[in-house]
Colleague: 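Quick one: the structure is below, and I'll ask about it shortly.
Because only heavy atoms are used, hydrogens play no part in the values below, and waters and symmetry mates are left out as well, while side chains stay in. Letters go in sequence order (proteins before strands), and every chain restarts at 1.
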Amino acid sequence: MSSTQFPPFTSTNLNSTEEIKQFHASAIKTGSFRRLSSRLLTLYSNPKLGNLEYARSVFDRISKPSSLCWNTIIKCYVENNYSQEALVLFCQLLHQSLVLPDNFTYPCVLKGCGRLNAIEEGKQIHGLTLKCGFGGDIYVQSTLVSFYSKCGEMDLARTVFDRMSSKDIVSWNCLINGYVGSGDIGTARELFDEMPEQDLFSWTALIDGYSRFLDAVNVFKAMLKEDVKPNDSTLVSAMSAISGLGLLENGIWIHSYMDKNKYEYNGVLGTSLIDMYSKCGGIESALSIFHAISRKKLGHWSAIIVGMGMHGMAKETLELFEEMKRVGMRPHGITFIGVLNACSHTGEVNQGLHYFQQMVNEYRIAPTIEHYGCAVDLLCRAGRLEEAKNVIDKMPMKPNEIIWMSLLSGCRNHGNIDLGEYAAKRVIELDPMATGCYVLLSNIYAAAGLWDKVSELRKVMKAEGLAKDPGRSSIEHGGMVHNFIVGDRAHPQTKDIYSKLNDMKKRLHAAGYKPDTTQVLLCLEEKDKEAELAYHSERLAIAFGLINNETGKPIRVVKNLRVCNDCHVVTKLLSEIYSCEIIVRDNRRFHHFKNGLCSCRDYW
DNA sequence: ATAGGGTTAG
């Protein structure tokens with residue numbers, strides 16, 4: 001819109017900082033600053049512009065700020081994530097100003113309290129709203145619901161909500177969001193069904209709440225059926241669920257929906273798409289999305305670097321990382337997570353350590369516990385266990401169970417009993433219910449033939465009520481997700497699957513396969529151990545994939561645990577025997593099996 | 001003289 005259509009002094013269309021500054025300058029020149037100060041303050045306070053300093057300087061030049069001015073500057077601080085300062089201003093408003101807070105003020109400060117998790121301050125302000133007669137204001141009440149929710153006080157949020165004499169869609173959404181945030185998706189769902197009508201926020205909240213489950217995708221589809229048009233946030237939530245589950249077919253579907261409806265990928269949607277394709281095993285698609293984005297932002301670069309790292313493409317990852325720096329993009333902490341992981345997955349230990357140093361020294365990024373986790377992982381995978389232990393001992397924060405699990409896992413892979421026991425003790429101190437830890441330790445004992453120690457561990461697990469987390473694998477076919485657990489016989493095609501497994505077994509043995517039973521947890525006869533391996537969940541999924549794969553497309557399996565050594569050997573052979581590419585996502589990375597080889601080059 | 005400023009994803 002051209003500015004000539006609107007006289008500068010009355011224009012409401014000043015959208016850029018530059019335009020506002022011109023307006024500001026002319027207001028001073030013509031002596032109309034006093035008259036326009038409140039308008040200027042509002043313009044500078046636009047949260048999209050981030051002009052907090054200008055807004056404040058205008059506010060400070062207003063001699064007797066009206067409640068409108070107070071409200072605007074307080075909101076500006078909240079929106080720019082300086083809620084602490086917003087509360088300071090609110091106190092000044094209470095004690096030092098000529099005007100009193102009004103019904104517009106309270107929602108702003110309460111929002112600030114929510115952001116700060118300032119439960120006590122919020123409760124006091126809640127009291128004030130009642131005292132000042134704003135207890136029945138729907139905006140104040142909804143913000144209170146939201147505030148208590150953010151502070152984890154669902155009972156209080158519910159009480160405020162139940163006491164509201166009239167509720168609108170926003171009040172319901174605030175409460176639903178609260179239950180979603182507290183992880184109570186059941187109650188969130190009940191409220192969603194109970195509310196008089198749902199809007200985009202309600203749907204998005206529900207999709208968000210189902211994040212790690214297939215329901216998220218189904219709710220998204222139901223929403224489209226109701227002709228509610230998703231916005232960026234909805235799509236991000238839906239894609240995040242798809243990524244978590246690794247549902248490539250669904251991912252392609254949502255992408256084509258977005259294409260058809262002309263969504264823009266230059267912002268957060270591009271990042272989500274890259275992330276989604278990477279995590280669903282479509283790294284080529286992730287790359288083409290990335291390359292098609294004309295003005296690549298930090299999020300896009302980081303997403304593709306993290307994604308390629310997961311696929312073990314260390315060389316390409318590092319090349320892109322160097323290119324990113326060359327074009328003047330400054331990496332942040334998450335980018336380095338991707339870089340370190342890439343090095344870890346291919347065993348580029350020294351290069352990884354070099355990048356860790358670069359992050360600290362050149363980019364002045366303080367390593368988080370996740371970065372130390374990467375460094376420990378890097379060393380552990382390579383068998384440099386003592387060095388890893390050294391990193392743990394010297395890191396500035398208390399190591400968490402993830403870090404000790406990395407060490408333990410390294411000890412399993414490199415057969416270090418003493419350090420393994422030490423790491424396992426640390427894990428159990430932090431998380432007594434850590435099943436995976438018992439399993440890894442058992443693996444160490446089993447590999448060393450210490451069967452009495454294995455059975456001792458099993459007794460402890462039994463006494464503690466710990467069951468081994470069963471291996472689960474899923475595969476998409478014909479618009480459905482098929483899930484398998486070890487020794488599963490629940491699938492409608494079970495008969496075919498087991499006869500395929502039999503066929504696989506024969507052909508594997510003919511190809512010279514010898515089962516590797518060293519990682520079987522149970523103290524069983526050699527024959528029974530082999531049987532245990534033969535029904536690992538990914539083999540059921542692969543058998544299912546082979547039966548139903550007429551198209552010659554890769555078979556894509558998503559697993560909840562790490563691939564065991566034996567399954568890894570088997571999957572390599574199967575890719576050759578059946579001339580079929582098999583792509584497995586385990587809980588850490590991707591394995592692309594083709595022609596008898598795996599992309600991880602047996603290092604994982 | 002009058003309008004303007006508020007609540008739900010980040």
Colleague: Which class fits the ring pair A:Phe134 and A:Tyr106: parallel under 30°, tilted 30 to 60°, perpendicular over 60°?
Modeller: tilted
Colleague: May I ask you to test the A:Trp70-A:Val99 pair for a side-chain heavy-atom distance under 4.5 Å?
Modeller: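 Yes, side chains in contact.
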Colleague: How close or far is atom P of B:dA9 from atom CZ of A:Phe220, stated in whole angstroms?
Modeller: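 It works out to 20 Å between those atoms.
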Colleague: Without decimals, in angstroms, what is the distance between A:Leu40 CG and B:dA3 P?
Modeller: 21 Å
Colleague: Using heavy-atom distances to pick each residue's nearest nucleotide on DNA chain B, tell me which of A:Arg115 and A:Thr143 is more 5'.
Modeller: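 With A:Thr143 and A:Arg115 compared, the 5'-side residue is A:Thr143.
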Colleague: So if I take every side-chain heavy atom of A:Leu68 and compare against B:dT8, B:dG4, B:dG10, which nucleotide ends up nearest?
Modeller: B:dG4
Colleague: What is the distance, rounded to the nearest whole Å, between atom CZ of A:Arg35 and atom C1' of B:dT2?
Modeller: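 One finds 13 Å between C1' of B:dT2 and CZ of A:Arg35, rounded.
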Colleague: In whole angstroms, how far is the P atom of B:dT8 from the CE atom of A:Met195?
Modeller: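 So the CE-P distance, A:Met195 to B:dT8, works out to 15 Å.
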Colleague: Of all the choices, B:dG6, B:dG5, B:dT8, which nucleotide is nearest to the side chain of A:Asp137 once you look at every atom?
Modeller: B:dG6
Colleague: I want to verify a distance call: between B:dT7, B:dG6, B:dG5, whose nearest atom is closest to the A:Asn103 side chain?
Modeller: B:dG6
Colleague: May I ask you to decide if the ring planes of A:Tyr54 and A:Tyr44 are parallel, tilted or perpendicular, using 30° and 60° as cut-offs?
Modeller: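 Rings of A:Tyr54 and A:Tyr44: parallel, under 30°.
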Colleague: Cut-off 3.5 Å, side chains only: do A:Asn71 and A:Asp102 have a donor facing an acceptor?
Modeller: yes
